[in-house]
Amino acid sequence: MIPALENIDWHGFLGRPQFQSPAPAVLASLAREPILITGAGGSIGSALALKLGASGAQLILLESSENNLFDLESDFSSSGRTAEFYLGSAGDRSLLDEIFADYRPRIVFHAAAFKHVPLLEEQPFAAIANNIFGTQTLVAAASTYNARVILLSTDKAVAPASVMGATKRVGEQIVLTSGGTVLRLGNILGSCGSVAEVFARQIAAGAPLTVTDPAARRYFLTIPEAVDLLVGAAGEANPSGLFIPDLRSSHYIADLARFMAHSLAPGRNIPIEFTRLRAGDKETEALSSAQETLHAADTNGLIRVDTPGLIANQLHDLLKELSGSCELRELTPALFIVRRLVPDYTPSRTVESMLSTPESRVHNA
């Protein structure tokens with residue numbers, strides 16, 4: 001979280017109390033065995049690592065960003081806590097085998113992912129490689145060593161309109177068919193790269209606040225809530241399955257812009273400029289689809305979701321086909337397979353335009 005956001009009263013904007021934290025016994029239970037966190041240097045990954053570290057858990061922290069890993073090591077050092085730090089990718093099977101063989105983690109929190117929607121519309125192969133095949137590699141390694149994966153997912157995986165959302169939905173299915181846990185969240189206030197961070201930078205620069213559409217709405221949570229919900233989902237009596245936060249209403253992004261302008265620059269009249277929905281954006285997001293069924297969960301703040309999906313053999317065969325298309329960098333067959341994996345995915349015009357280019361090939365990330 002950038003400094004300007006640390007003291008904002010997010011619940012003043014959300015208009016609801018913070019979700020109840022998991023009982024200390026849940027944290028104590030998780031801390032009894034080693035825990036691996038991927039994407040450990042990100043906003044949620046680092047907050048989760050620090051919370052579990054404070055409970056005495058033995059942590060193995062995997063991060064692909066050198067700067068993020070350096071900052072995370074510094075945070076642990078200043079707090080007097082220890083962990084094992086690895087610079088590398090969650091899709092590196094050799095590295096994963098080394099970690100699992102050396103430390104035998106029984107729980108894996110998988111927070112590593114590419115998440116920027118407009119960027120990934122132009123980099124579909126990179127999104128597929130990281131969000132789908134990185135998850136598949138991690139789940140395969142975890143299954144070999146009898147570890148359970150808890151995937152951090154997104155509401156953009158529901159009837160996705162973006163490559164990012166579609167690849168996260170495939171990741172959900174990979175984890176669910178392995179008996180793992182998926183937690184599907186909304187937008188995280190104050191996280192790195194979030195709209196709140198963008199607004200804070202615009203306010204500091206004296207620039208107008210840019211919002212895609214006056215009707216755009218999103219579900220919002222704080223970083224501590226996201227961490228608590230991850231811990232709660234991991235500690236469920238029957239943790240296998242898909243969970244979503246119990247959020248009754250979404251908020252207008254324009255209202256968040258006004259709230260932040262008032263919080264960070266009281267007395268200043270900061271205009272809002274409405275641009276337009278970007279490639280892959282939707283006007284509103286949903287936490288579940290019409291094809292999914294909701295049930296009460298054991299943990300406060302969570303709802304269990306029954307979701308349709310492919311059986312393991314079908315998923316395996318389609319992923320094998322997808323891998324072949326990606327190796328040849330053939331976008332048309334690759335996107336065709338993604339749509340078979342996620343039937344309610346609607347590609348954006350940006351992606352459709354790529355399909356009309358010669359040989360349907362696009363550049364690397």
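With hydrogens and angles ignored, the 3.5 Å screen pairs no side-chain donor or acceptor of T346 with any backbone N or O of A161. Checked by atom type and distance alone, the side chain of R106 pairs as donor or acceptor with a backbone atom of N146 at under 3.5 Å. Judged by distance alone, the side chain of H295 and the main-chain N or O of R304 form no donor-acceptor pair under 3.5 Å. For S77 (side chain) and E73 (main-chain N/O), no donor-acceptor pair under 3.5 Å exists by modelled atom type. With hydrogens and angles ignored, the 3.5 Å screen pairs a side-chain donor or acceptor of Q173 with a backbone N or O of L341. Without hydrogens or angle criteria, S263 side chain to F259 main chain gives a donor-acceptor distance under 3.5 Å. Between the side chain of R218 and the backbone N or O of E283 there is at least one donor-acceptor pair closer than 3.5 Å. Proximity of a side-chain donor or acceptor of K282 to a complementary backbone N or O of S162 within less than 3.5 Å is not detected. Remark: side-chain polar atoms of T222 are paired, donor with acceptor, to backbone N or O of E225 under 3.5 angstrom. E66 contributes no side-chain N or O that, together with a main-chain N or O of L87, makes up a donor-acceptor pair within less than 3.5 Å.
Checked by atom type, the side-chain pair D281/T212 shows no donor-acceptor distance below 3.5 Å. For the residue pair E273 and T210, no side-chain donor N or O sits within less than 3.5 Å of a side-chain acceptor on the partner. Neither side chain, D306 nor T293, offers a donor N or O lying under 3.5 Å from an acceptor on the other. Counted by atom type alone, Y103 and Q58 present zero donor-acceptor pairs between their side chains at under 3.5 Å. With no hydrogens or angles considered, no side-chain donor-acceptor pair links S325 and E330 at under 3.5 Å. There is a side-chain donor-acceptor pair under 3.5 Å between R93 and T144. Between the side chains of K115 and N130, not a single donor N or O lies within less than 3.5 Å of an accepting N or O. Remark: the R184 side chain and the T307 side chain contain no N/O donor-acceptor pair separated by less than 3.5 Å.
Test L242, V170, V139 against V175 for side-chain contact (heavy atoms from CB on, under 4.5 Å) and you get one pass: V139. The one candidate from I44, L151, L52 that meets the side-chain contact (heavy atoms from CB on, under 4.5 Å) condition with L230 is I44.
Nearest heavy-atom pair across S178 and S143 is CB-OG, 4.4 Å. The two residues A207 and I270 come nearest to each other via the heavy atoms O-CG2, 3.8 Å.
Side-chain heavy atoms closer than 4.5 Å link hydrophobic residues (I, L, V, M, F, W, Y) into clusters, and following such links, even through other members, never connects L277 to I272. V158 and Y345 fall into different hydrophobic clusters, where Ile, Leu, Val, Met, Phe, Trp and Tyr residues are linked whenever their side-chain heavy atoms come under 4.5 Å apart, directly or through other members. Put simply, L294 and L185 are part of the same group of oily side chains (I, L, V, M, F, W, Y) that touch within less than 4.5 Å, one to the next. Under a hydrophobic clustering in which Ile, Leu, Val, Met, Phe, Trp and Tyr are joined whenever their side-chain heavy atoms come within less than 4.5 Å, directly or via other members, F85 and L138 fall into the same cluster. No path of Ile, Leu, Val, Met, Phe, Trp and Tyr side chains, each step under 4.5 Å between heavy atoms, connects V198 with Y252, placing them in separate hydrophobic clusters.
Around the CD atom of Q20, the shell of radius 6.0 Å holds no more than 12 heavy atoms that belong to other residues, nucleotides or ligands.
Y145 and F100 have parallel rings, their planes meeting at less than 30° on a 0 to 90° scale where 60° marks the start of perpendicular.
A salt bridge links D255 and R258; the closest N-O separation between the charged side-chain nitrogens and carboxylate oxygens is under 4.0 Å. One finds a salt bridge joining R169 and E172 here, because a Lys/Arg side-chain nitrogen approaches an Asp/Glu carboxylate oxygen to under 4.0 Å.
The salt bridge (charged side-chain N to carboxylate O under 4.0 Å, His left out) test applied to R217 returns no partner, not counting sequence neighbours.
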